[in-house]
> 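If you scroll down you'll find the structure; I have some questions about it.
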Amino acid sequence: MESQIRTFMNYLRVEKGLASNTIDAYRRDIAKFAAFAEKHRLGIRDVRRDDIVDFLAMLYRQRLDSRSVARHLVTIRHFFRFALTEGLIEEDPAANVESPKFRQSLPEFLSLEEVERLLRQPDQASLVGIRDRAMIELMYSTGLRVSELCGLRVSDLQMDPGCLRCIGKGNKERLVPVGREALKFVRQYLRDVRPKLLSKSGSPDLFVNQQGHKIDRITFWKILANYGRKAGLRKALTPHMLRHSFATHLLDRGADLRSVQMMLGHSDISTTQIYTHVVEERLKQVYKAHHPRA
C-alpha cells in the first residue's frame, strides 16, 4: 500500500493544493491505517467495509475520542475515493461506513477583559515584547490562523486602506480588514524593531525571530501560551482560541455571519455557524444569571 499512499500524498499536494500541515495530518492518519492493513495482511484491493470498521474500533480501544476517529475516517474515505478514481480498486470499501456520532463542542474563547489582560503582558521596553504585542494584536484583530499569521510578508500589508492579503487553506487568497490598534503596533514593530532583528538578513517575512528568520507556528504557540499563563487565564491559551475570540466578539456586537465567514476564510458557512451557538449559549447564561424567574 506504500506506493499508493505516496501517489495519494502527491495528489493532495500538487492537484488539491492542500497546506503542508493538512497533508502531514493526512499522512499520519493513513499511515496508521496502512500499519493496521499490513498487520492483517491486507492489500489495497483486499480491504472491505468490515476491515475499516475494525480499524475504527481499534482507535476507540486506544482511547481516541469520536472527533479523532471521525478525522481518520475522512482520511480513509479520501484515500479510497482517490484509489477508485485512479482505477486502483473496483469498489470503494469506505463508501458506506457511517461517521462516528459526537456532540458538537463549543469553541473556547476569551472574554474582552481577558483579551485586555493578555495584551498587557508583552514588555514594551524590549524588542521581542514589541514584536509579540504586534503579533497578538494582529491575530486578534483579523482572526488569522497561526500558519497564516506566521506566513505573512511585509508586502501583504496595506496600511492605508487598513487591510492585509492572506493565503489560507487550499492556497485561497483573501483580504482581511485590520483594526486601528493593531495597525498602530505593527507600524511600531516595523519602524523600531524589525530592522534590528533582521540585521544583515533580507527576509521578506513580516514577523522574524532574533536571528532574523521567520517565526514558525510552534514558536508562536509557545510565546502565546507563556503570555496566557502570565495573564492568569483560566485555561491554556492557544492561537485558535484567539481566533475563536475574534469571531465570537464580532458576532456579539452585531456582525453578520457571512462577513465573519469571509474574514475567517471558511469555505462553508456551516463551519462559521458554530459561533452563533456560542453567542446563544452566552445569552442563556446572562438570562439565567439575571432574570428573577430564570
> How far does CZ of Arg48 sit from CD of Glu91, to the nearest 0.5 angstrom?
7.0 Å
> Determine, using the 4.5 Å side-chain heavy-atom cutoff (strictly less than), whether Val146 and Ile167 are members of one ILVMFWY cluster.
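Hydrophobic grouping puts Val146 apart from Ile167.
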> Give me each pair satisfying salt bridge (charged side-chain N to carboxylate O under 4.0 Å, His left out) with a member in residues 184-197, each pair once, sequence neighbours excluded.
Glu181-Lys184
> Is it possible for you to say whether Met159 and Leu164 belong to one hydrophobic cluster, with membership spreading through side-chain heavy-atom contacts below 4.5 Å?
yes
> Report the C-alpha separation of Phe8 and Phe79 in whole Å, then their side-chain angles, then the decisive distance to 0.1 Å, and conclude whether the ring pair (Phe, Tyr, Trp, His ring centres under 6.0 Å) test is met.
CA-CA 7 Å; Phe8 176 58; Phe79 174 65; 5.4 Å; yes
> At what distance, to the nearest 0.5 angstrom, does CZ of Arg234 lie from CD of Glu108?
7.0 Å
> Taking the basic N atoms (NZ, or NE/NH1/NH2) and the acidic carboxylate oxygens, is any pair closer than 4.0 Å for Asp92 and Arg81?
no
> Is any side-chain heavy atom of Leu242 closer than 4.5 Å to a side-chain heavy atom of Ile136?
yes
> In this structure, which one of Val186, Leu149, Ile130 forms a side-chain contact (heavy atoms from CB on, under 4.5 Å) with Met135?
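Exactly one pass, corresponding to Leu149.
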> Minimum heavy-atom separation for Ser141 to Ala182, with atom names?
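In this case the closest contact between Ser141 and Ala182 is CB-CB, 3.6 Å.
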> Does the side chain of Leu152 come within less than 4.5 Å of Asp205's, by heavy atoms?
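Counting from C-beta outward, Asp205 and Leu152 never come under 4.5 Å.
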> Does some side-chain heavy atom of Glu114 sit less than 4.5 Å from a side-chain heavy atom of Phe109?
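Side chain of Phe109 against side chain of Glu114, heavy atoms only: no contact under 4.5 Å found.
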> Just verifying a value: how many Å separate Arg67 CZ and Leu64 CG, rounded to the nearest 0.5 Å?
13.0 Å
> Would you please indicate yes or no on a ring centroid separation below 6.0 angstrom for His78 and Tyr26?
yes
> Consider only side-chain heavy atoms of I, L, V, M, F, W and Y, link residues closer than 4.5 Å, and tell whether Leu18 and Tyr11 are in one cluster.
yes
> Centroid-to-centroid, Tyr189 to Phe207, below 6.0 Å?
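Yes - the distance between ring centres of Tyr189 and Phe207 falls below the 6.0 Å cut-off.
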> Taking the side chain as everything from C-beta on, heavy atoms only, tell me whether Gln4 gets closer than 4.5 Å to Phe82.
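SC-SC contact between Gln4 and Phe82 ruled out.
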> Side chains of Arg77 and Ser99: donor-acceptor distance under 3.5 Å anywhere?
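Side chains of Arg77 and Ser99: pair found under 3.5 Å.
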> Looking only at non-hydrogen atoms, find the nearest pair between Gly212 and Leu198 and report the distance.
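Scanning both residues completely, I find the closest heavy atoms to be O-CD2, 3.9 Å.
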> Tell me, yes or no, whether the heavy-atom count around Glu2 atom CD, taken from other residues, nucleotides or ligands under 6.0 Å, exceeds 12.
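Check fails, neighbour count at 12 or below.
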> Side-chain heavy atoms nearer than 4.5 Å, only ILVMFWY residues, links allowed to pass through others: does that put Leu127 and Phe185 together?
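Leu127 and Phe185: separate clusters.
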> What distance do Lys222 atom NZ and Asp216 atom CG have between them, rounded to the nearest 0.5 Å?
8.5 Å
> Any ion pair linking Arg174 and Glu148 (charged N to carboxylate O, less than 4.0 Å)?
yes
> Please round to the nearest 0.5 Å and tell me the distance separating atom CG of Leu190 and atom CD of Gln188.
10.5 Å
> Between atom CD of Gln211 and atom NZ of Lys214, what is the distance when rounded to the nearest 0.5 Å?
15.5 Å
> Identify the heavy atoms of Ser66 and Tyr60 that sit nearest to each other, and give their distance.
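Scanning both residues, the minimum pair turns out to be OG-OH, 3.6 Å.
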> May I ask you to decide if the ring planes of His40 and Phe36 are parallel, tilted or perpendicular, using 30° and 60° as cut-offs?
tilted
> With a 4.5 Å heavy-atom cut-off, do His72 and Thr75 have their side chains touching?
no
> Do Arg27 and Asp24 sit within salt-bridge range, that is, some charged N less than 4.0 Å from a carboxylate O?
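Answer for the salt bridge query: yes.
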